Amino acid sequence: MPETFIIYREKYKCSLTEQWRKEFYSLNQEQLNEAKSIIESNNFAENIINHASCDEIKNLLRYYLIERD
């Protein structure tokens, strides 16, 4: 889960967190492995996201671009 969603859980729990969760759990095993690899690297630069193998992963990774206040 994106760090911002954890830190500001009250702000995001009924909106973006649910969307993120739905998208995360809809990935197949191959997509999930790729997404987790990128998430674990903690590098969410646009060029990294754009090189993901499918739109489902790209969409999921965009949640990690939401900055803390």
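Keep in mind that this is a model prediction, so the values were computed, not measured.
Between F24 and M1, the closest side-chain pair of non-hydrogen atoms is not below 4.5 Å. The shortest distance between side-chain heavy atoms of I39 and L61 falls below 4.5 Å.
Closest non-hydrogen pair, I38 versus I48, comes out as CG2-CG2, 3.8 Å. Closest approach of Q31 and I57 over heavy atoms only: O-CD1, 3.6 Å.
Comment: E46 engages R62 in a salt bridge, judged by a side-chain N to carboxylate O separation of less than 4.0 angstrom.
The CG atom of L60 lies 5.5 Å from the CG atom of L27; values are rounded to the nearest 0.5 Å. Rounding to the nearest 0.5 Å places CZ of R21 at 10.5 Å from CZ of F5. With values rounded to the nearest 0.5 angstrom, E34 atom CD is found 11.5 Å from H51 atom NE2. Separating the CG atom in N43 from the CD1 atom in I49 is a distance of 8.5 Å, to the nearest 0.5 Å.
Counting heavy atoms of neighbouring residues, nucleotides and ligands inside a 6.0 Å radius, atom CD of E30 does not exceed 12 of them.
Ring geometry, Y64 versus F44: the interplanar angle falls under 30°, so the pair is classed parallel (tilted spans 30 to 60°).
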